[in-house]
Amino acid sequence: MSWADLIQALWLLSRLELKPRLGAWRRWHAGEWARACAGLLVALVFLGLVYGLLRPTFGFLARQEGLGPLLIARLSQVLFLIFFSMQALSQLITSLSALFLDRGLEMLLATPLAPRQLFLARFMRSWAASAWMVILLWVPVALAMQRALGGGAAFVLWALACLVGLSFWGAGLSTFVLLLSLRLVAPGRLRRAMTLVFALMACALVLVVRAMQPEKLTNAGNTMAAAEWLRQFRLPQPGWLPSAMAANALDGFHSDPAAGLGWMALLWLGGLALLLAVALWGGRAYLQLWLRTRDAGGGKEPSRGGAWEGLLGRLWDKPRGLWASLCLQEAARTLRRDTQRLQFLFLGTLVGIFIFNLARLPMQDPEVASLHDPLFIASAGLSCLVLLAVAARFAFPAQSLEGEASWLLRTAPLSSARYLAWRWMGTLALLACLGLLLFGSCVLALKPSPRLLLAGLLVMLAAPMAITSLCVGLGAAWGRSDMENPEDMVTGGSGLLLLTLAGLYLVLSLGLLVPPLRELGRLAISHRFTPRWAALLLPAACWLLVQAAAIVLPMRYGRQALERGDGL
Amino acid sequence: MIETRGLVKRYGQLVAVDGLDLSIRPGEVYGFLGPNGAGKTSTLKMLAGLLSPDEGSISIAGVDMVASPQEAKAHLAYIPDRPSLFPELTGLETLRLVAGLYGLEPALAEARGAALLAKFGLAAWGDERTGTYSHGMRQKLCFAAALLHQPQVLILDEPMVGLDPQGGRQIKELLRSQASLGVTVFLSLHTLEIAEKLCDRLGILHHGRLLHEGTVDEIKAAAGSRQDLEGAFLELTQESAPVGPLEGGA
């Protein structure tokens, strides 16, 4: 590996990645620019929401007498660990695709280009692909911290430098793990081996959440609960972990600049040394590993569906009607795809953690009695987020997952409206079952007041329908049949747009219920039925309007896109 | 059987299909020729209901594709240029899915499916996932899926690509036999030799417009060429400049 290799890799990136994209932007027509601007606006709203949430949180923690900086340092440790995990996982997926599964690699490797140069170019590309969104998401976090702690623009830049340094570690470690896995495990079994990695990650998640003991938040019974919990909280991460280094470097900016500089140097130099080591090793081993992967079919051969296989075989032993055929093909495609099954495992773990933590709440404690309603609101909100996560992961990329075989469905005598309605109903049935489970757990564990129970019931009836519409409709509108990794659609730009829109919907949906609930509370206290109709009916009408818009508009948008033939 | 009037398809500034008028009779094999980017695939996708036209009308077996797409699609079968299938489904499951989509009676569909798999030499592969199939096998399964509901119109995009000589011959015979049964076959082709032998009529598309239409002899006559179809085609599309050695080459 030499400077010439680096220059060649950069040239390759500019010719293959940057130039075509710039060329495509130049050819954009007005509609495409308008869509991009709308997307940018929504992304800014999302980042603004993150800032709006973190700014008061950091401000509250900073105001705690004598503890402010300590509490923020603890929270920054958690945030760095979360961002590091997100980036490392994303790097694992993007580098597998960019270095081994991409269809264009065969042509590139047939050119006189040295494999190590191609490896370097793709390694840099996968770093950029995995890091850009994490770094962008860190900007509002850094700004919120700066507002709470001071330090001006220099602190924001310092915080960003911490995350960029951390991203080197994420990229280096994930690519190292990938290369090592490909060396040790037959490539055909790699995806199955990743099942084990996901299972381990799910276990680690359970352990971390149990180590955090979030139920302690309810113990103090006063506004200090969060600060007290954070003060006592010890994240199970040793100091040599990259996320701990980044947290120490950030903490040092205010408390001990020399130590902070030392941690920053360690973070950056260590990260760059790791990248160099991976580049050297990967460059040498790349061609051989790529050939092994290609000969094994890229590890993309469909896997056996395990226990489901027998059931599927029995259900589909002869031709069935239209709806049954659609359901069976969707079930077969989902259950026989390793990546989908892994996601089931992961989301199942999340749901399990949610219900387990609800069960652990010390609700019999008299101090907690007053917290039943606030905890119910928080849990119902979290339930909606779990539903959103499930729908975003499975229903949103469903159209793209059909891939180039979508012609089979779209040339059949089945209208786009009926097809989308089928997907909507199928997703809704699953989400409604999950919503019932989550909501039922919340009600049983927290025993909310009748007013809140009614409000929660309204939200849990409407939210699955709206979330399903958003995911199915927008997934159909933004899906593409030639997408390389449709499973990752939710972590891309369109996924960010979806999550922002869904977040806005949830905020509006919950926010509009507050005035009528308050009014009902006032009536209950006064024991006289003299409602202020404007406070009761106007928000209720707006709430209904929001539900109707969230259910109808995305589906209409998706149907129109399918009818035009978008994404083919 | 297939009628188009003033068909237009635009992608931003680019006009891919520009006022196309076609009229193809039942039992006719119609070959659609044209250089790369002429608008053939866009036309085929519009005929198959995969893309909506910006202007103009399409009629399949007397049914308006724009006004009643479901009814029109029930009469046709489409095979894309790349035989992409769901890799997680087996060959039999793919045919069962198609039977469900077209509302075929289960017993009839199962019998037809088995017969078609046997006809295309895929009987032993019925229970294997299509992800393990070769290109040619997937192409044959696409044909089996297309013929399952016995369509009146077959729309095929480059059907011979990736087939071995035996497979190619089988498909040519199949298309001729379908035409003899009254099925309208509309196919895009790049291999002029096949077009010459297989098609009753040819249409030459260039920059989205139909340059010429007719039998092979009529096309040759229109080009004023006494050469073969290839010469006529190149002359008509004005791309017959001989290719010399590359600059700096041997």
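Chain identifiers are assigned alphabetically (A, B, ...) following the order of the sequence lines, protein sequences preceding nucleic acid strands; residue numbering begins at 1 within each chain.
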Segment of A:Arg320 engaging chain B (4.5 angstrom heavy-atom cut-off) | backbone
Below 4.5 Å from any heavy atom of chain B, which atoms of A:Glu563 appear? Answer side chain, backbone, both or neither.
-> backbone
Nearest heavy-atom neighbours spanning B:Leu101 and A:Leu414 = CD2-CD2, 4.3 Å
Closest approach of B:Tyr78 and A:Trp407, non-hydrogen atoms and distance?
-> O-CZ3, 3.1 Å
So does B:Trp125 have more than 12 non-hydrogen atoms from other groups sitting under 6.0 Å from CH2?
-> no
In terms of heavy-atom contacts, does CZ of B:Arg5 have more than 12 from other residues, nucleotides or ligands at under 6.0 Å?
-> yes
At what distance, to the nearest 0.5 angstrom, does [atom1] of [X] lie from [atom2] of [Y]?
X        : Y        : atom1 : atom2 : answer
B:Ser84  : A:Leu408 : OG    : CG    : 10.0 Å
A:Thr411 : B:Tyr102 : OG1   : OH    : 4.5 Å
B:Arg129 : A:Arg336 : CZ    : CZ    : 4.0 Å

Just jot down the side chain to side chain contact (heavy atoms under 4.5 Å, CB included) partners of A:Leu315, sequence neighbours excluded, or say none.
-> A:Leu311, A:Leu328
Where along residues 44-55 of chain B does a heavy atom come under 4.5 Å of chain A, listed by residue number?
-> B:Ala48, B:Gly49, B:Leu50, B:Leu51, B:Ser52
Does B:Glu88 reach the side chain of A:Leu335, with side-chain heavy atoms less than 4.5 Å apart?
-> no
Closest-packed option against chain A by number of heavy-atom pairs under 4.5 Å, given [options]:
options                             : value
B:Glu71, B:Glu110, B:Glu105         : B:Glu110
B:Leu89, B:Thr90, B:Leu76, B:Leu104 : B:Leu89
B:Ala74, B:Ala107, B:Ala99          : B:Ala74

In terms of heavy-atom pairs under 4.5 Å with chain B, the winner among A:Pro413, A:Gly321, A:Ser325, A:Gly403 is A:Pro413
Please confirm whether the backbone N or O of A:Trp316 pairs with a side-chain atom of B:Arg96, one donor and one acceptor, at under 3.5 Å?
-> yes
Donor-acceptor under 3.5 Å (A:Lys318 side chain, B:Ala109 main chain) | no
